[in-house]
There are 2 protein chains.
Amino acid sequence: MPYDPSAFPPFAVTVDLVVLTVRRHSLCALAVRRGEPPFQGRWALPGGFVRADEDLAQAAARELAEETGLRAHDPSVPVQDNGAHLEQLATYGDPKRDPRMRVVSVAHLALAPDLPAPRAGGDASNARWAPVEELLQQGGYGRDGEPVAPLAFDHAQILADGVERARSKIEYSSLATAFCPPEFTVGELRRVYEAVWGVALDPRNFHRKVTGTPGFLVPTGGTTTRQGGRPAQLFRAGGATYLNPPMLRPEV
Amino acid sequence: MPYDPSAFPPFAVTVDLVVLTVRRHSLCALAVRRGEPPFQGRWALPGGFVRADEDLAQAAARELAEETGLRAHDPSVPVQDNGAHLEQLATYGDPKRDPRMRVVSVAHLALAPDLPAPRAGGDASNARWAPVEELLQQGGYGRDGEPVAPLAFDHAQILADGVERARSKIEYSSLATAFCPPEFTVGELRRVYEAVWGVALDPRNFHRKVTGTPGFLVPTGGTTTRQGGRPAQLFRAGGATYLNPPMLRPEV
DNA sequence: GATCATAGTCGTCTGCCTGACGATAAACAC
DNA sequence: GTGTTTATCGTCAGGCAGACGACTATGATC
């Protein structure tokens with residue numbers, strides 16, 4: 001049967017990005033302000049149309065670079081400096097999710113170390129890192145007492161799914177290192193876990209666990225006191241992808 | 001900005017299904033024979049276009065019902081007889097994955113108990129349950145010595161991803177019960193794990209583990225000897241979704 | 001410079017879970 | 001009855017995690 005355009009309805013396909021980082025002990029996501037309807041002026045996840053000749057992962061990497069300047073981490077290269085982890089999250093295709101037309105969005109999850117202020121088309125006022133709880137509380141009030149509008153489209157759901165993916169994935173993978181600079185201390189890594197999970201972890205047990213997991217951390221030989229206190233050893237992420245046994249998220 | 005069709009390239013959106021079941025101690029997937037080009041006569045995963053007014057999950061449930069007669073298991077109803085588990089798997093959008101046009105496929109994963117012979121538009125010769133190793137061995141020879149053509153499109157990759165999802169997910173969730181009939185014995189559940197993972201498990205440790213995990217199994221009071229040997233207690237799936245601690249897949 | 005606060009690192013102990021495996025129980029086939 | 005099959009209970013040793021004590025090495029403060 002030859003190509004018959006009437007045989008299927010046309011869709012627009014976009015990629016949306018959940019870009020997570022840890023700033024000042026809290027898990028933050030990148031949000032951009034919409035400059036046009038629908039939801040003009042509201043915060044949304046960054047994203048855009050997939051181009052005609054582009055793979056989905058390429059489109060996501062392109063959007064990520066446009067919004068943050070980050071290069072996507074090539075999964076075939078285990079350790080790469082200053083590259084964000086990028087993976088496909090899920091696809092959202094409710095017929096009414098975009099009031100203009102039928103749009104299917106392939107959401108991606110990116111994890112990045114703490115970065116300088118974001119840029120959205122060079123306009124800093126239209127992009128920001130916001131704590132995920134703030135973005136997810138629908139119709140509440142932000143830290144400054146100002147009313148908070150929920151994210152545009154179904155982006156609150158997408159963000160929630162991305163956060164949950166990140167929370168569960170750092171349990172059994174070494175992905176938490178994607179939130180850290182190329183060299184980091186055990187304490188810094190622990191604060192990543194604490195921020196992402198929103199819990200306090202015992203520094204001694206955490207230290208024993210991560211240093212005892214083969215392939216997770218590789219000492220670089222250096223030390224730092226950038227966190228104050230006694231100098232701490234610096235590590236790089238090791239080659240291990242999966243943690244066995246996993247880091248257990250404390251129960252409630 | 002009004003709806004501007006020139007602002008984005010049009011895509012076709014399909015759903016493809018990885019339908020898994022356990023038959024005769026091996027993990028099998030549903031395959032259908034393609035009746036038209038491209039890949040005419042080759043085996044492929046069942047699937048089809050998403051309709052204009054349909055959600056992605058609805059489209060997947062519709063395709064599943066068309067191919068197998070199964071109703072999709074509503075996730076909000078924890079226990080439902082004879083309903084298959086259905087979840088979104090991943091989305092595949094390589095520009096060249098379909099030679100005819102730009103098609104983005106949202107793959108879904110379905111887990112079903114052992115079923116009578118499948119039907120594909122009523123034609124049994126065009127649908128079958130095949131062991132996943134047989135479908136995944138590219139260009140090899142099947143059990144009957146006949147050469148095996150690889151699956152159409154990128155369906156081998158999709159199937160491999162679905163199998164890996166199932167293998168890892170039964171570790172930390174109660175999803176293995178989706179492969180079982182409404183009432184089943186501990187031994188039947190163990191044989192599911194053994195088929196999906198391709199390993200042998202110790203019956204005594206397995207029994208201790210699953211009966212000791214709260215909420216996993218609920219005794220129905222009945223017994224059965226349908227597997228031969230001493231009568232075994234019958235269980236239903238309990239309300240628990242996540243297993244804590246997880247079932248550990250044996251190393252190597 | 002003594003003291004304090006802050007982080008980091010090493011140990012210990014106890015309880016739980018797992019893997020290995022022995023032993024018993026209840027059906028069916030002959 | 002004897003053997004075979006499957007189910008179920010128990011035991012034991014090793015490993016890992018949570019709770020927590022102790023000590024170390026910095027910078028900050030008086």
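Predicted, not measured: the structure shown is a model, and the values here were computed from it. No hydrogens, no waters, no symmetry mates; every other heavy atom, side chains included, goes into these values.
- The base of D:dG18 lies close enough to the side chain of A:R208 for a donor and an acceptor atom to sit less than 3.5 Å apart.
- One interatomic measurement links the two molecules: CG of A:L234 to C1' of C:dG8, which rounds to 12 Å at whole-angstrom precision.
- A sub-4.0 Å separation between OP1 or OP2 of C:dG8 and a side-chain N or O of A:R191 is present.
- A donor-acceptor pair shorter than 3.5 Å cannot be found between the side chains of B:H155 and B:Q157.
- Note: B:E188 CD to B:E183 CD = 10.5 Å, rounded to the nearest 0.5 Å.
- A sub-4.0 Å separation between OP1 or OP2 of C:dG8 and a side-chain N or O of A:R190 is present.
- When distances run from any side-chain atom of A:T225 to the nucleotides D:dG18, D:dT26, C:dT18, the shortest one goes to D:dT26.
- Rounding to whole angstrom units, CG of residue A:N205 and P of D:dG15 are separated by 18 Å.
- The separation between A:L217 atom CG and C:dT9 atom P is 11 Å, rounded to whole Å.
- Classification of B:R128 and B:E134 as a salt-bridged pair holds, one side-chain N sitting under 4.0 Å from a carboxylate O.
- When distances run from any side-chain atom of A:T185 to the nucleotides C:dG8, C:dC17, C:dA26, the shortest one goes to C:dG8.
- Regarding B:Q227, its CD atom lies at a distance of 13 Å from the C1' atom of C:dA27, rounded to whole Å.
- Close to C:dG8, at under 4.0 Å from its OP1 or OP2, lies no side-chain N or O of A:R226.
- Of the side-chain N and O atoms in A:K209, none sit less than 4.0 angstrom from OP1 or OP2 of D:dC16.
- Per the geometry, CG belonging to A:N244 stands 10 Å off P belonging to D:dA17, to the nearest Å.
- Each of B:P246 and A:G228 was assigned the nucleotide of DNA chain C with the nearest heavy atom; the assignment lying further toward the 5' end belongs to A:G228.
- Taking atom CG of A:L201 as the reference point, atom C1' of D:dC20 lies 16 Å away to the nearest angstrom.
- Distance, B:L248 CG to C:dC16 P: 18 Å, rounded to whole Å.
- Distance, A:F235 CZ to C:dT9 C1': 10 Å, rounded to whole Å.
- At least one donor-acceptor pair closer than 3.5 Å links the side chain of B:T213 to the backbone N or O of B:K209.
- Comparing D:dA7, C:dG19, D:dG10 by their closest approach to the side chain of B:R204 singles out D:dG10.
- For A:Y193 and A:F206, the gap between ring centers is short of 6.0 Å.
- Here the side chain of A:Q233 is nearest to one of D:dT8, C:dT9, D:dC20, namely C:dT9.
- OP1 or OP2 of C:dG8 has not a single side-chain nitrogen or oxygen of A:H207 nearer than 4.0 Å.
- The residue among B:R230 and B:R249 whose nearest nucleotide of DNA chain C lies closer to the 5′ end is B:R249.
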